[in-house]
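Just so it is clear, the values below take in all heavy atoms, side chains as well, and ignore hydrogens, waters and symmetry mates.
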Protein chains: 2
Amino acid sequence: MVIGLEARRLLVMVVSCTVEYSGRTGSHLGEGERLVIVKGDGCILVHRGRDYQPVNWQPSGCIIQAQASNGTLVLKAVRPSPLESLTLVVKDVQFLGTFLLQDDAEFILHASEEEMQRAIILQPDVIEPGFKILDFEKKVPPGFVDVYGVDSEGNTVVIEIKKDPAGFPVIKQLLEYLKYLQAPPGKKLRPMIVAPSIAKGAQSALAKSGIEFKQLTLQKAVEILQKYARSDQQALKSWL
Amino acid sequence: MVIGLEARRLLVMVVSCTVEYSGRTGSHLGEGERLVIVKGDGCILVHRGRDYQPVNWQPSGCIIQAQASNGTLVLKAVRPSPLESLTLVVKDVQFLGTFLLQDDAEFILHASEEEMQRAIILQPDVIEPGFKILDFEKKVPPGFVDVYGVDSEGNTVVIEIKKDPAGFPVIKQLLEYLKYLQAPPGKKLRPMIVAPSIAKGAQSALAKSGIEFKQLTLQKAVEILQKYARSDQQALKSWL
DNA sequence: ATGTTTATGTCGCGT
DNA sequence: ACGCGACGTAAACAT
């Protein structure tokens, strides 16, 4: 008897089983009770009683077959490339249910770096009075300059934004960008890192690099966004 | 009314809910049906109908509170450090169950590097004819030499094993080990990397370093292990 | 189809 | 507690 793994349906079961994995490497898990989830897109998760991550799994896009014989159910999930297979031998089913999840909502992730950028664009003087934006996501060969503008005296300001404490990598990255940028005649090129703080060991390297640092916390950025955007505050006002 | 989140128990529910996350960054997910899992160690997973990974989650070790009011259940999972919170507003419960998973099995992951080492130890001439093992996991100040032996001419061979394509780090590591090793008088010291392949940019560095490269794939290693070990083939013969 | 980069990565280990 | 590297990382994005 073969269980029809209903297309588009979510299969949830609590079972006693063993799990074998073979592929990029291999694993073995003896008998025990686990929560098994099979999703409609052909991925499978085997969860134990603790830990965020499943003890065994197979990502979406693999072929799942199930067959029962002699009172045991064997679930097999094979991923074509890279070739790897997950095999569950189910001895005992404590719970089994299938669900059709009605879920059309859009998932919105607020990338804080993007919000910091938006805050600077909306209110450039958060950097310093008189700062004007010329461009953002400006293309240079190694990547994109987050914000590009001029200060009150006409000097070019090149801003790299970091949501985390600014460390060596961002210093290196910004120095790389500078190779492809230059200030107008008689003006200076002011490289600047905008971040909530400076990483522990990076203070002296930052000083030596000639890069300026301007503190901007996510909280401050959010305040600015709130001030300018009356709509879309729902996600923000539920802080606690 | 507050649901008692039974200690050590696994809570599984299929609900219609909204999810807000705020912490390292933030996210918003409108109403829809999802599978929610709360484990005994205080982690929470919100799964949609597709994809291996949960759409929202909180790792283990966070404080989970639940309160019901006006027909809606609010689940909150707060992680102290880094401070972040996940909030579910549950409108409708399609399924709810709690389970006590009896699971004492040990999870065994076959680290392929270890199996490559075992294959070399079982059959040293997989490296080259006449190669003899003197020691493995041999202690040197910076770490452990994977395999240590002599070739047919009495030269000392120092082997570092990598399961992934050998890159710069392993070259550096092996060179480090060499500082603490020396060949017998009149003999050579032969550093060697054993790996399935050489990483993209590492070819020339490897040549310059004076380190030899011997290809050994996991598959070849497994073949050798199979040849020598008649037992423990169960995990291997169930392919497909 | 393959390679590269990101991530609310998570997790384990060493200091 | 913090920093670092590994992971069967997975997934998105570019080639």
Side-chain angles (χ1 to χ4, degrees), chain A residues 19-29 39 41-48 50-62 77-87 107-115 142-144 162-165 167-169 173 199-202 218 235, chain B residues 19-29 39 41 43-48 50-62 77-87 107-115 142-143 162-165 167-170 172-173 197 199-201 218 235:
Chain A
V19 190
E20 305 295 332
Y21 162 73
S22 175
R24 283 168 287 179
T25 151
S27 77
H28 165 82
L29 181 61
K39 293 195 185 184
D41 65 344
C43 72
I44 182 168
L45 311 171
V46 182
H47 274 277
R48 303 184 85 172
R50 47 185 302 279
D51 281 330
Y52 157 84
Q53 78 166 40
V55 63
N56 278 111
W57 72 93
Q58 205 67 277
S60 64
C62 64
V78 177
R79 189 187 186 187
S81 173
L83 177 56
E84 51 185 356
S85 76
L86 184 70
T87 307
F107 178 69
I108 297 165
L109 181 69
H110 313 301
S112 45
E113 234 158 71
E114 188 181 312
E115 305 202 324
F144 298 85
K162 272 290 148 189
K163 68 178 172 61
D164 301 312
F168 298 101
Q173 181 186 359
K200 271 172 74 174
L218 175 58
Chain B
V19 190
E20 305 295 332
Y21 161 72
S22 175
R24 284 167 286 180
T25 136
S27 77
H28 165 84
L29 181 61
K39 293 195 186 184
D41 66 343
C43 71
I44 182 167
L45 311 171
V46 181
H47 274 278
R48 304 184 83 172
R50 49 186 297 280
D51 282 330
Y52 158 86
Q53 76 166 36
V55 63
N56 279 112
W57 72 93
Q58 207 66 273
S60 65
C62 64
V78 177
R79 189 187 186 188
S81 174
L83 177 56
E84 51 186 356
S85 76
L86 184 69
T87 307
F107 178 70
I108 296 165
L109 182 68
H110 311 303
S112 44
E113 234 158 73
E114 188 182 313
E115 306 202 323
K162 271 289 146 188
K163 69 178 173 60
D164 300 312
F168 297 102
V170 65
K172 187 157 162 276
Q173 182 185 357
S197 65
K200 272 173 72 177
L218 175 58

* Please state the C1' separation for the pair dA6(D) and dA10(D) - nearest whole angstrom. =>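 These two C1' atoms come out 15 Å apart once rounded.
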
* Asked: Taking the same atom, C1', in dC7(D) and in dA11(D), what whole-Å distance lies between them?
  ->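 Their C1' atoms lie roughly 15 Å apart.
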
* So how far is it from R79(A) CZ to S85(A) OG, rounded to the nearest 0.5 Å? ->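 Atom-to-atom, R79(A):CZ and S85(A):OG are 12.0 Å apart.
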
In whole Å, I'd like the distance from the [atom1] atom of [X] to the [atom2] atom of [N].
X       : N       : atom1 : atom2 : result
R79(B)  : dA1(D)  : CZ    : C1'   : 14 Å
I44(A)  : dA10(D) : CD1   : P     : 14 Å
E114(A) : dA7(C)  : CD    : C1'   : 15 Å
L83(A)  : dA1(C)  : CG    : P     : 14 Å
L109(B) : dA6(D)  : CG    : C1'   : 12 Å

* **Nearest-nucleotide 5' precedence on DNA chain D, S81(B) against G26(A)** =>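 Closer to the 5' end of DNA chain D: S81(B).
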
Below 3.5 Å is the cut-off: list the nitrogen or oxygen pairs between protein and nucleotides 11-15 of chain D, distance only.
unit_1  : atom_1 : unit_2 : atom_2 : d
dA11(D) : OP1    : Y52(B) : N      : 2.7
dA11(D) : OP1    : Q53(B) : N      : 3.4

* Asked: Looking at L109(B) and S27(A), what are the two nearest heavy atoms and their distance?
  ->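 Looks like CD1-CB, 3.9 Å.
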
* To do: Starting at the 5' end of DNA chain C, write a dot or bracket for each base, bracketing those in Watson-Crick or G-U wobble pairs whose two distances are under 3.5 Å and using | for partners on another strand.
  => |||||||.|||||||

* Asked: So, is W57(B) close to the dT8(C) phosphate, meaning a side-chain N or O under 4.0 Å from OP1 or OP2?
  ->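 So the side chain of W57(B) is outside the cut-off, no N or O lying under 4.0 Å from OP1 or OP2 of dT8(C).
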
* Heavy atoms under 4.0 Å, any strand shown: does F107(B) hit a base, just sugar-phosphate, or nothing? ->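 The answer is nothing, as F107(B) stays clear of every strand by at least 4.0 Å.
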
